[in-house]
Asker: 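Structure incoming, see below.
Below, chain A is the first sequence line, B the second, and so on; all start at residue 1.
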Amino acid sequence: MTQSPASPPSLYVAREPIFPRRVKGKFRTLKWWIMGVTLAIYYLTPWIRWDRGPNLPDQAVLVDLAGRRFYFFWIEIWPHEFYFVAGLLIMAGLGLFLFTSALGRVWCGYTCPQTVWTDLFILVERWIEGDRNARVRLWNADWSLRKVRLRVTKWIVWFLIAMATGGAWVFYFADAPTLAADLMTFSAPLVAYSTILILAATTFVFGGFMREQVCNYMCPWPRIQAAMMDNDTLTVAYRHWRGEPRGKHIKAEGADQLGDCIDCMACVNVCPAGIDIRDGQQMECITCALCIDACDEVMERIGKPRGLIDYLALSDEEAETQGAQPRPIWQHVLRPRTILYTAMWSLIGVALVYALFIRSDIDLTVEPVRNPQFVTLSDGAVRNTYTLRIRNLTAEDRDFRVMLTSEEILRIDVESDGAVANHVTVPANETLQARVYVIARPQDAAADAETTDLRLWVEDVETDDRAGVATIFNGKG
Amino acid sequence: MADKQEIDDVTGTDTTGHEWDGIKELNNPLPRWWLWTFYGTVVWGLAYTIAYPAWPLINSATTGLLGYSTRAEVAERIAEVDAQNAELTERLASADLATLAPDDPAHRFGVAGGASVFLAHCSQCHGSGAAGVQAAGYPNLLDDAWLWGGTLEDIEYTVRHGIRNETDPDARWSEMPAFGDIMSDEEIGQTVEYVLSLSGQDHDAAMAEQGMVWFQEQCSACHGDNGEGIRELGAPTLNDAIWLYGGDRETLIETVTYSRFGVMPAWGQRLDEEEIKAVTLYLHQLGGGE
Ligand code: SF4
Ligand code: SF4
């Protein structure tokens, strides 16, 4: 430990402003494309129409909270099928594990909404206030009419983007064209407006002012990711052995002793996290790869090979320092660990697709009434009551026959609106509750047995599609 | 905190000066906005306890400047729902149950509401599943045997006026004499053998033959010639499988000797019109309604 005579350190610090410079290069181009595609998906998806027939909504992606349905193109998820959502979440988790162990924080660098929107906000900032140097000057300048004008313009554009972001979100929960019209005429539900405002406010603050602070202090993901990276993970790194000792390449004595890094600070100036990648891997780095682009540009100009800053595994950096060859990329990517993640990911994916194909569009649950277990009728017959829930997962009303199979002789009566019948009509896209009586005559074995196995069935009158559930009959025994 | 700042050689960060077993805490300062957020939550918390009920006093708690109360909110919600249902309630209260269609909204409203009325007022005797208490005199309301009739009209009358109570002059009333004062034990025994034979149970045929004479003399006026019961009198059917107090020899002897006297309150005096109609509809659709 070194002793230094300074005053006690402060426990709190203000945010250091960061002014990322514009950069050109292959990763920047890739990021523009990803930004375009992800934003387009987000803003446009609710407007895609999908015809499901007269009884169902025609919005391709819709979370119908009141009706408790989730529509996704040709798939319709009911609350009892929530395991599909759980499965997708597990897949998303495993997917992140896979990408992180192979490519580090590539989620953070390219596709995280925080990164995408911050990128968009910085783009706006650059249009209005100029590139890095102009922005630094403006930051340091005293308040003037020009500064106010630039700031206010920037905030207004940010705010419009933020409103559009919050606005797009609510369209996922209601019919988009109707809701849009309602929003315009101020007749939409209050919760729609408050949701838009809250999301607009968070977008505005997170994208405009918090930026890297969200990643450094608020988001749990980078801490988890740090635990999932290893020496083989490809991540953005500086070739120390090649760059050092750094220095300006002026024709002075000893210039030929210097490494390739000319200490131009290009990599630092473009960094949205405000760090120097030459200090090694750091908590703040979101692996956005912009410093690679910046450095490559410089290397090109001074006639040195690209890749002073590059996607690099820690093990490669070590090998290269000792003069050995780095391992090929596929060896870094194809490791037992990534293969295991891929296998798990695919397994769940296949299971979900399988479940989707075998699921029936009728669903039956049977709940025997247990209070009381049975009723004796005046002629000595024994009656059990069951509550049936029949879900019609199709867009048409359907007629179902209700039947039972059992080794014993039993009679079935279905109650439908007060009358006894042997079939029920379940409206489209609804669940119907019906009461069913099963009766054993006094002379039947089931009347005196303790329990008798039986199976209740519903069968579509037209298509003969059926669903059955096993249950028991309680006798006097 | 140490006066002198220490710099950790590895990270170049200063330390807080706190040391545990040689491990020193690095000073990675928190962002200041975090601190302000924390102060913000403290202010919010205090303001909340002023605006809403919070601080405990001896008998109650501070009521808060906004005058909010969860009870008042519940009362408000109930009033709201009542107002929403006012039309249905009115329709149900004035409905003629016999002609109210099962798919009428008022009918559905009644069945659903009747379930609550039943649980609150009737389940103490008849059980939460309406199965009564077997052999203890609380009738099962799910089966097809009715002492006083199982049509909507009959059920509504029974609910409204009750049975054998002193409070309602229109209560259903019938009384079985205690035959222990009228007949000898032997005669009662013989009568019971006959009654057992009516429902096909094991019995002593010789005694039953004599019992039949007593039955025709003493019992058939109310219970019918073949024990089929007479509803207008509330006299139970004796030739079926259902017994309110039990159908075995011993219980029957007890019943005939001492008689039984089950009562039910007149709910017309306690429940609203729509509650009576609702519970009637509920009972009628439990599986035994006629
Ligand atoms: S740290 Fe969190 S918020 Fe930042 S880019 Fe990564 S996932 Fe997104
Ligand atoms: S160090 Fe490079 S990769 Fe990391 S955040 Fe900064 S610019 Fe992006």
Asker: Check the surroundings of atom CZ in A:F209: do more than 12 heavy atoms from other residues, nucleotides or ligands lie under 6.0 Å from it?
Answerer: yes
Asker: Once rounded to the nearest 0.5 Å, what's the spacing between atom CG of B:D144 and atom OG of A:S378?
Answerer: 3.5 Å
Asker: State whether the number of non-hydrogen atoms from other residues, nucleotides or ligands found under 6.0 Å of A:R411 atom CZ is greater than 12.
Answerer: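 No.
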Asker: What heavy-atom pair brings B:I242 and A:L377 nearest, and what distance separates the two atoms?
Answerer: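 Nearest pair, atom of B:I242 first, then A:L377: CD1-C, 3.6 Å.
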Asker: Within a radius of less than 6.0 Å around CD of A:Q443, do more than 12 heavy atoms belonging to other residues, nucleotides or ligands occur?
Answerer: yes
Asker: Can you find a side-chain donor-acceptor pair between A:T376 and B:D143 that sits under 3.5 Å?
Answerer: no
Asker: Out of curiosity, A:Y217 OH to B:W33 CH2, how far, rounded to the nearest 0.5 Å?
Answerer: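 One gets 8.0 Å once the value is rounded to the nearest 0.5 Å.
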Asker: Looking at B:Y48, I'd like to know if its OH atom is crowded, meaning that more than 12 non-hydrogen atoms belonging to other residues, nucleotides or ligands lie closer than 6.0 Å.
Answerer: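 12 or below, so no.
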Asker: With a cut-off of 6.0 Å (strictly less than), are more than 12 heavy atoms of other residues, nucleotides or ligands near CG of A:N140?
Answerer: yes
Asker: Quick one: pull up CG in B:D240 and CG in A:D379 and give me the separation to the nearest 0.5 Å.
Answerer: 9.0 Å
Asker: Go through the atoms of B:S128 and report whether side chain, backbone, both or neither lie under 4.5 Å from a heavy atom of chain A.
Answerer: both
Asker: So which heavy atom on A:N371 is nearest to which on B:G129, and how close?
Answerer: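 Closest pair (atom of A:N371, atom of B:G129, distance): ND2-N, 3.0 Å.
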Asker: With a 4.5 angstrom heavy-atom cut-off, is it the side chain or the backbone of A:Y437 that approaches chain B, or both, or neither?
Answerer: side chain
Asker: Indicate yes or no: at least one non-hydrogen side-chain atom of B:N28 is less than 4.5 angstrom from one of A:M283.
Answerer: no
Asker: When rounded to the nearest 0.5 angstrom, what distance separates OH in A:Y12 from CG in B:L35?
Answerer: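 The OH atom of A:Y12 sits 4.5 Å away from the CG atom of B:L35.
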Asker: With a 4.5 angstrom heavy-atom cut-off, which part of A:R370 approaches chain B: side chain, backbone, both or neither?
Answerer: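 Neither; nothing under 4.5 Å.
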Asker: Restricting to non-hydrogen atoms, name the atom on B:A131 and the atom on A:P372 that form the minimum distance, rounded to 0.1 Å.
Answerer: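 Heavy atoms of B:A131 and A:P372 come nearest at CB-CG, 3.4 Å.
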Asker: Going through the distances and angles, do A:R15 and B:R32 end up as a side chain to side chain contact (heavy atoms under 4.5 Å, CB included)?
Answerer: CA-CA 8 Å; A:R15 172 179 185 250; B:R32 199 170 287 282; over 6 Å; no
Asker: Between atom OG1 of A:T385 and atom CG of B:L286, what is the distance when rounded to the nearest 0.5 Å?
Answerer: 9.0 Å
Asker: Does CH2 belonging to B:W20 count more than 12 external heavy atoms closer than 6.0 Å?
Answerer: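 Atom CH2 in B:W20 is crowded, with more than 12 foreign heavy atoms closer than 6.0 Å.
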Asker: Please determine whether the number of non-hydrogen atoms from other residues, nucleotides or ligands lying under 6.0 Å from atom OH of B:Y138 exceeds 12.
Answerer: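 No.
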Asker: Quick check: are there more than 12 heavy atoms from other residues, nucleotides or ligands sitting under 6.0 Å from CD of A:E284?
Answerer: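 Yes, because the 6.0 Å sphere around CD of A:E284 holds more than 12 heavy atoms from other groups.
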Asker: At a 4.5 Å cut-off on heavy atoms, which part of B:L281 comes close to chain A: side chain, backbone, both, or neither?
Answerer: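 The answer is neither part of B:L281.
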Asker: Give a yes or no on whether the backbone of B:G287 and the side-chain of A:R383 come within a donor-acceptor separation of less than 3.5 Å.
Answerer: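 Yes; judged by distance alone, with no hydrogens or angles, the pair exists.
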